[in-house]
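In what follows, a structure is listed as structure tokens, so that the remarks can point back to it.
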Number of protein chains: 2
Amino acid sequence: MADSNERYESMVRKLKEHGYKLTHQRLALARVLSVSEGHPDVETIFLRLQDSFPTMSLATVYRNVMLFKSFGEVLELGFPNGRNRFDGNKPFPHPHVICIRCQKIIDPDVGSLKDMTEEVADITGFVILTHRLDFFGICSDCMTEKV
Amino acid sequence: MADSNERYESMVRKLKEHGYKLTHQRLALARVLSVSEGHPDVETIFLRLQDSFPTMSLATVYRNVMLFKSFGEVLELGFPNGRNRFDGNKPFPHPHVICIRCQKIIDPDVGSLKDMTEEVADITGFVILTHRLDFFGICSDCMTEKV
DNA sequence: GTTTTAAATAATAATCATTCTCATTTACAT
DNA sequence: ATGTAAATGAGAATGATTATTATTTAAAAC
């Protein structure tokens, strides 16, 4: 878990560097994303902002999540069901473990993929920029739950 | 590249085993999926079937791709943009290399992820069922292309 | 502190992939 | 050949995301 204050500062810095306005909505969104507890989807982010911004529009959430993503300050995890999840706490490629029952997503600490990335670049002739590694399974909570 | 005839036979066998009817549309779809040249999306599959089935419905493609997926005969690759891609030739987890310019997807031959999967299971307490590993970059064709 | 103005927001319509509905057709068992 | 449940085709519905536009606002200039 990265330090969320540092992450927040980094996001605000990027807004300034690129000449974007520091709106209340953006700063609040940066706060939520800097923690990204549980890898929230857009609706979850939206709900977390409802307390401070009852009139905030969903479109504003989308716009600014994508803005932060364009700075490399947010990682987007797309899924076939269309409910994408976001991580502004660790916005760089890292493995995820995803429960197919409760949709929980956690970050395991495993060895790096650097060697494999180099091997893939050699074999394919691609310039590899990023990667994504997800493991899918059933978490221990769901395993012990009665059906 | 797996043998597409074997893949086709396997798909037809699954339909029979599960008591589904062998419609012309399903068999033609199995043919297309058994090759899965280029990891087609639904629209591409639909277009490939237009020659033989000009009146075929998009819904039929969706229905049956998902049916084959439920048998484990098709691998679905979801993407944030919603244009999911399908592989009926190698319907098991394997790494992909994806060009972010032309959206080409190829299958590199790299070592297995078995060790890493076991490590993740140990660390997280998940029962790991499957995984997905994608590398994103720019293919050599796009690299040499003039902007 | 006011004014100015380009950018951002809220509200909502539009879009696009996917899923659903239902009348019609068809595979296949009898 | 017939009956019937399943599958299809056509198009409507859904749900996430994106676009549009009138209004509001951050922040620069005065």
Side-chain angles (χ1 to χ4, degrees), chain A residues 11-33 39-71 74-86 103, chain B residues 11-33 39-71 74-86 103:
Chain A
M11 290 184 188
V12 175
R13 200 180 315 125
K14 286 281 170 59
L15 285 176
K16 287 178 184 164
E17 280 173 15
H18 291 82
Y20 286 93
K21 293 182 177 174
L22 304 184
T23 65
H24 298 140
Q25 292 90 334
R26 274 181 184 149
L27 297 178
L29 178 63
R31 276 276 173 230
V32 172
L33 289 173
H39 306 75
D41 58 15
V42 167
E43 193 190 335
T44 301
I45 295 168
F46 181 64
L47 289 174
R48 285 186 192 163
L49 292 167
Q50 283 297 295
D51 301 329
S52 354
F53 297 90
T55 68
M56 191 171 186
S57 169
L58 243 193
T60 300
V61 178
Y62 276 104
R63 264 192 302 259
N64 288 304
V65 167
M66 288 307 151
L67 183 65
F68 285 122
K69 185 186 170 187
S70 76
F71 300 152
V74 165
L75 185 71
E76 179 176 20
L77 301 178
F79 291 100
N81 71 3
R83 262 189 121 74
N84 296 351
R85 308 276 286 259
F86 297 91
Q103 313 302 323
Chain B
M11 290 184 187
V12 175
R13 199 180 319 123
K14 286 281 168 60
L15 286 176
K16 287 179 185 167
E17 280 173 17
H18 291 82
Y20 286 93
K21 293 183 179 174
L22 305 184
T23 66
H24 297 139
Q25 292 89 334
R26 276 183 182 148
L27 297 177
L29 177 63
R31 276 278 173 230
V32 171
L33 289 172
H39 305 73
D41 59 13
V42 167
E43 193 190 335
T44 302
I45 295 168
F46 180 66
L47 288 174
R48 284 184 193 164
L49 291 167
Q50 284 295 296
D51 300 330
S52 354
F53 297 90
T55 71
M56 193 170 185
S57 169
L58 244 192
T60 298
V61 177
Y62 277 103
R63 266 193 297 257
N64 288 303
V65 167
M66 288 308 152
L67 184 65
F68 284 122
K69 184 185 171 187
S70 75
F71 300 152
V74 165
L75 185 72
E76 179 176 19
L77 301 177
F79 291 99
N81 71 3
R83 264 189 120 73
N84 297 351
R85 309 274 286 259
F86 297 89
Q103 313 303 322

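All values reported here derive from a predicted model rather than from experimental measurement. Naming convention: chains lettered A, B, ... in sequence-line order (proteins, then strands); numbering from 1 in each chain. As a basis for the values below, the full set of heavy atoms in this structure was taken, side chains included, without hydrogen atoms, waters or symmetry mates.
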How many angstroms lie between NE2 in B:H18 and CG in B:L67, if you round to the nearest 0.5 Å?
8.5 Å
Does a nitrogen or oxygen in the side chain of A:T60 sit under 4.0 Å from OP1 or OP2 of C:dT9?
no
So, is B:H24 near the phosphate of D:dT8, with a side-chain N or O under 4.0 Å from OP1 or OP2?
no
Please determine if a side-chain N or O atom of B:Q25 lies less than 4.0 Å away from the OP1 or OP2 oxygen of D:dG9.
yes
Within 6.0 angstrom of A:F53 CZ, more than 12 heavy atoms from elsewhere
yes
Atom-to-atom span, CD1 of B:I45 to P of C:dT18 - whole angstrom:
10 Å
Measure from CG on B:L58 to C1' on C:dT19 and round the result to the nearest Å.
12 Å
Distance (rounded to the nearest 0.5 Å) between B:L15 CG and B:R13 CZ
11.0 Å
Short side-chain N/O contact from B:T23 to OP1 or OP2 of D:dA6, under 4.0 Å:
no
Rounded distance in Å - CZ (A:F53) to C1' (C:dA11)
17 Å
Minimum-distance nucleotide to B:K21 side chain [options: C:dA10, D:dA26, C:dC28]
C:dC28
Rounded at 0.5 Å granularity, tell me how far CG in A:L75 sits from CG in A:L33.
11.5 Å
At under 4.0 Å, does any side-chain N or O of A:N64 touch on OP1 or OP2 of C:dT9?
yes
With nearest nucleotides of DNA chain D determined for B:T55 and B:Y20 from heavy-atom distances, which residue corresponds to the more 5′ nucleotide?
B:Y20
Could you tell me the separation between the CE atom of B:M56 and the C1' atom of D:dG9, rounded to a whole number of Å?
10 Å
Are OP1 or OP2 of C:dC16 and a side-chain N or O of B:R83 less than 4.0 angstrom apart?
no
Strictly below 4.0 Å: does A:R63 bring a side-chain N or O up to OP1 or OP2 of D:dT18?
no
A:L29 and side chain to side chain contact (heavy atoms under 4.5 Å, CB included): which partner among A:V74, A:T23, A:V65?
A:V65
Hey, does the side-chain of B:S57 have a donor or acceptor N/O within less than 3.5 Å of a partner on the base of D:dA10?
yes
Between B:V42 and A:G19, name the one whose nearest nucleotide on DNA chain C is closer to the 5' end.
A:G19
Using only atom types and a distance under 3.5 Å, with no angle test, would you say the side chain of A:R48 pairs donor to acceptor with the backbone of A:P40?
no
Could you tell me how far apart A:R85 (CZ) and D:dA16 (C1') are, to the nearest whole angstrom?
15 Å
Protein-nucleotide distance (B:D41, atom CG; C:dC16, atom P), rounded to Å:
15 Å
Under 4.0 Å from OP1 or OP2 of C:dT18: is there any side-chain N or O of B:Y62 that close?
yes
Can you tell me the distance, in whole Å, between the CG atom of A:L15 and the C1' atom of C:dA7?
13 Å
A:L67 CG to C:dA8 C1', straight-line distance once rounded to whole Å
11 Å
N or O in side chain of A:N84 less than 4.0 angstrom from D:dT17 OP1/OP2:
yes
